[in-house]
Trainee: 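Following this message is one structure expressed as structure tokens.
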Amino acid sequence: MTDSTLIDTAKASKAWPFQEAQRLLKRFPNGKPDGSPMLFETGYGPSGLPHIGTFQEVLRTTFVRRAYEALTGGAPTRLVAFSDDMDGLRKVPDNLPNQAMLTENLGKPLSRIPDPFEKYESFAAHNNAMLRAFLDRFGFEYEFVAGSDRYNSGAFDDALKNVLRNNQAILDIMLPTLRAERAATYSPIMPISPTTGVVLQVPVEVVDADAGMIQFTDEDGSVIEQSVLGGQAKLQWKVDFAMRWVAQGVDYEMYGKDLTDTGIQSGKIAKVLGGRKPDGLIYELFLDENGEKISKSKGNGLTIDEWLTYGSEESLGFYIFPNPKSAKQLHVGVVPRAVDEYWQFRERLKDQPLDKQLGNPAWHLLRANSKIDGPDAPGAGDKLPVTYGLLLNLVGVLGAEASRDQVWSYLANYIEDADPAKHPSVDVLVESALAYNRDFVAPTLKKRPPVAHEVAALRALDSALSEASADAAPEDLQTMIYEIGKDEEFGFENLRDWFRALYETLLGSEQGPRMGSFIALYGIENSRRLIAEALASQ
């Protein structure tokens with residue numbers, strides 16, 4: 001298959017990353033006029049640690065970046081992770097040490113506040129390091145840019161002068177959007193007090209835009225004339241957003257629904273500054289299991305560490321991929337299905353025509369962390385020898401105290417070369433299944449006694465298993481179970497009722513796996529013991 005085939009297919013693809021990339025191509029049919037790489041940006045506020053929202057924004061932006069590269073036959077791109085660490089600390093998070101020290105430094109730029117953990121030169125440096133470690137953990141290809149470096153080094157000086165020259169035009173955009181009290185003190189540029197180091201929210205008079213000079217009243221009441229250059233000032237958030245777009249030549253940046261107004265006003269300001277708002281979608285926010293917006297202060301929803309405790313990195317990316325403009329509920333109950341569906345899509349990928357591949361989440365996930373020429377997705381067609389759902393049922397039967405070695409000993413009934421080193425993806429899921437079972441499944445499992453017609457069917461199953469070979473194939477065992485469920489002698493209205501009876505009496509849950517696969521994994525004699533326990537519970 002040629003690159004031209006991929007390009008032609010990508011141009012017609014309805015998958016959302018290609019739809020976004022197609023808009024970029026429409027804007028720049030022949031690439032950027034100066035020949036520079038297409039610049040994708042994601043933003044980060046370093047007052048807190050990276051979280052699942054950080055991950056999804058970088059991952060989704062990466063999907064669009066890779067789609068653009070495929071669409072253009074490998075045109076150069078860059079991804080910048082920008083940290084707004086010149087922002088003033090507005091509130092001290094409750095979960096940090098050295099609360100008194102942080103309280104004393106309220107209002108100062110995050111990059112000029114000591115690290116409460118006493119490991120880095122500043123609070124921002126600590127959280128910036130956490131961001132880089134976070135992104136590196138997932139293998140993202142990106143360039144890190146700290147706002148403080150740009151402000152302090154003078155890299156933004158020309159852009160700041162441009163803001164001063166257009167100060168009134170920016171005020172004309174912003175003031176109508178503000179409450180009267182806020183408008184009374186609003187200035188596009190916020191000077192940093194020479195006496196306290198605090199980022200000031202005070203009216204500012206532009207003295208000399210070309211020289212970068214302003215005048216304002218300091219906290220002690222003194223009138224100060226000061227330069228805005230070299231890190232002596234910080235722009236208001238919406239103005240800063242626009243300035244960065246223009247100064248850095250950002251072509252694509254997405255943001256959440258809660259920043260819709262920011263995008264509108266920043267786009268207007270970017271135009272005033274002589275630039276253009278970048279392309280980018282507005283994504284919906286995550287919800288908890290009750291449909292409420294996830295909030296760090298509430299602690300509802302699911303953290304990224306929790307997802308990775310109970311699932312895998314790929315499954316998180318898979319869950320995030322579809323429909324970014326639709327809200328997603330993010331709670332532990334969605335993890336098992338996401339794990340198994342990811343591997344189903346990955347296995348299916350190899351045999352799909354290219355247009356279907358480009359809509360398959362696994363195609364995008366497998367290409368996310370490296371620039372790949374051509375249509376191939378490394379790892380397409382791979383499959384696991386055992387599903388996560390089946391692992392959960394196995395550890396559910398083994399109990400909350402089950403161990404990794406114990407699970408692998410049962411996997412030897414089901415997998416050739418049942419060695420964790422030879423099946424690392426399965427080993428990750430074994431650990432995840434043990435944790436998920438311990439925390440969520442084991443406390444809720446409750447087996448019920450079988451009723452009359454179920455007793456007869458379970459006895460028939462036990463009898464059939466007694467005659468089966470120890471290495472019977474899962475398909476043969478499944479057929480055996482089907483035949484018993486269809487036998488009118490046992491009185492099941494449909495097979496669904498028979499399988500529900502098996503799940504509730506043998507496994508203690510309302511849902512379960514393909515029982516043929518489960519019996520092959522757990523072992524025929526062990527499964528017969530489960531049946532004996534169920535029959536004895538009448």
Side-chain angles (χ1 to χ4, degrees), residues 336-348 351 383-398 407 409-416 418 426 429 433 437 441 444-538:
R337 182 175 177 180
V339 172
D340 281 337
E341 287 191 348
Y342 165 73
W343 283 99
Q344 291 167 12
F345 274 79
R346 181 165 168 174
E347 180 183 359
R348 194 180 307 154
D351 298 323
K383 63 180 181 179
L384 293 182
V386 60
T387 67
Y388 187 49
L390 194 54
L391 284 173
L392 283 174
N393 286 115
L394 173 62
V395 297
V397 170
L398 296 178
V407 174
S409 71
Y410 281 95
L411 287 174
N413 298 329
Y414 201 79
I415 301 175
E416 290 186 20
V426 174
L429 295 183
N437 178 67
V441 179
T444 64
L445 288 181
K446 187 175 181 180
K447 298 178 185 179
R448 66 167 176 82
V451 296
H453 69 291
E454 295 171 346
V455 170
L458 285 172
R459 286 176 175 158
L461 177 58
D462 180 64
S463 176
L465 288 176
S466 71
E467 299 176 4
S469 64
D471 59 352
E475 294 77 12
D476 294 337
L477 294 170
Q478 188 76 6
T479 299
M480 174 195 303
I481 298 166
Y482 274 142
E483 293 304 319
I484 293 171
K486 290 188 292 185
D487 192 328
E488 294 181 0
E489 174 187 350
F490 302 117
F492 292 105
E493 290 189 11
N494 51 57
L495 282 171
R496 187 183 304 111
D497 291 342
W498 167 224
F499 280 104
R500 185 183 297 114
L502 290 172
Y503 300 149
E504 292 177 352
T505 61
L506 303 184
L507 304 181
S509 64
E510 295 180 356
Q511 302 178 39
R514 284 177 61 85
M515 287 303 296
S517 298
F518 174 79
I519 291 172
L521 174 60
Y522 192 49
I524 287 178
E525 289 307 311
N526 289 325
S527 299
R528 292 187 67 198
R529 277 196 288 273
L530 284 180
I531 295 172
E533 291 170 3
L535 293 173
S537 69
Q538 298 177 74

Trainee: Could you walk me through whether L477 and L465 satisfy the side chain to side chain contact (heavy atoms under 4.5 Å, CB included) test, starting with their C-alpha distance in whole Å, then the side-chain angles of each, then the deciding distance to 0.1 Å, before giving a yes or no?
Mentor: CA-CA 8 Å; L477 294 170; L465 288 176; 3.9 Å; yes
Trainee: Are side-chain heavy atoms of T387 and Q344 found at a separation under 4.5 Å?
Mentor: no
Trainee: When you measure from the side chain of S466 to the backbone of S463, do you find a donor-acceptor pair of N or O atoms at a distance under 3.5 Å?
Mentor: yes
Trainee: Minimum heavy-atom separation for A457 to F492, with atom names?
Mentor: CB-CE1, 3.7 Å
Trainee: If you compare all heavy atoms of A534 against all heavy atoms of L506, which two are closest, and at what distance to 0.1 Å?
Mentor: CB-CD2, 3.9 Å
Trainee: One pair to check against ring-ring contact (aromatic ring centres under 6.0 Å, His included): Y388 and Y342. What are the steps and the verdict?
Mentor: CA-CA 11 Å; Y388 187 49; Y342 165 73; over 10 Å; no
Trainee: Please walk me through it: do Y522 and N413 pass side chain to side chain contact (heavy atoms under 4.5 Å, CB included)?
Mentor: CA-CA 7 Å; Y522 192 49; N413 298 329; over 6 Å; no
Trainee: Hey, what do you get for CG (L445) to CG (N437), rounding to the nearest 0.5 Å?
Mentor: 6.5 Å
Trainee: Any idea which heavy atoms bring R448 and A501 closest together, and the distance?
Mentor: NH2-CA, 3.8 Å
Trainee: Working to the nearest 0.5 Å, report the span between CG of L384 and CG of L429.
Mentor: 6.0 Å
Trainee: Only pairs at least two apart or in different chains count here, so list each salt bridge (Lys or Arg N to Asp or Glu O under 4.0 Å) that has a residue in residues 461-472.
Mentor: D462-R528
Trainee: Sequence neighbours left out, what passes side chain to side chain contact (heavy atoms under 4.5 Å, CB included) with P385? Give chain and number order.
Mentor: I415, H423, V426
Trainee: Can you measure from CG (N526) to CG (L394) and round to the nearest 0.5 angstrom?
Mentor: 9.5 Å
Trainee: Roughly how far, to the nearest 0.5 Å, is CG of L535 from CD of E454?
Mentor: 10.5 Å
Trainee: Hey, does N393 have a side-chain heavy atom less than 4.5 Å from the side chain of L521?
Mentor: no
Trainee: Return the set of residues passing side chain to side chain contact (heavy atoms under 4.5 Å, CB included) with E533 (not counting sequence neighbours), or none when no residue passes.
Mentor: K447, L530
Trainee: For residues Y410 and L398, report the shortest heavy-atom separation together with the two atoms involved.
Mentor: CE1-CD2, 3.5 Å
Trainee: Looking only at heavy atoms, which two atoms of K383 and W343 are closest? And how far apart?
Mentor: CA-CE3, 4.1 Å
Trainee: Nearest 0.5 Å please: distance from the CD1 atom of I531 over to the CG atom of L461.
Mentor: 4.0 Å
Trainee: Is there a side-chain contact between L502 and L458, using heavy atoms and a 4.5 Å cut-off?
Mentor: yes
Trainee: Going through the checks in order, is the side chain to side chain contact (heavy atoms under 4.5 Å, CB included) test met by Q478 and I519?
Mentor: CA-CA 9 Å; Q478 188 76 6; I519 291 172; over 6 Å; no
Trainee: Which residue pairs pass the side chain to side chain donor-acceptor pair (under 3.5 Å) test with at least one member in residues 487-499, sequence neighbours excluded?
Mentor: D497-R500
Trainee: Side chains of residues 508-518: which donor-acceptor partners sit under 3.5 Å, not counting sequence neighbours?
Mentor:
{"from": "S509", "atom 1": "OG", "to": "Q511", "atom 2": "O", "distance (Å)": "2.6"}
{"from": "S517", "atom 1": "OG", "to": "Y414", "atom 2": "OH", "distance (Å)": "3.4"}

Trainee: For I524 versus A468, what's the shortest heavy-atom pair and its separation?
Mentor: CD1-CB, 3.8 Å
Trainee: Which residues pass the side chain to side chain contact (heavy atoms under 4.5 Å, CB included) test with A473, not counting sequence neighbours?
Mentor: E475, D476
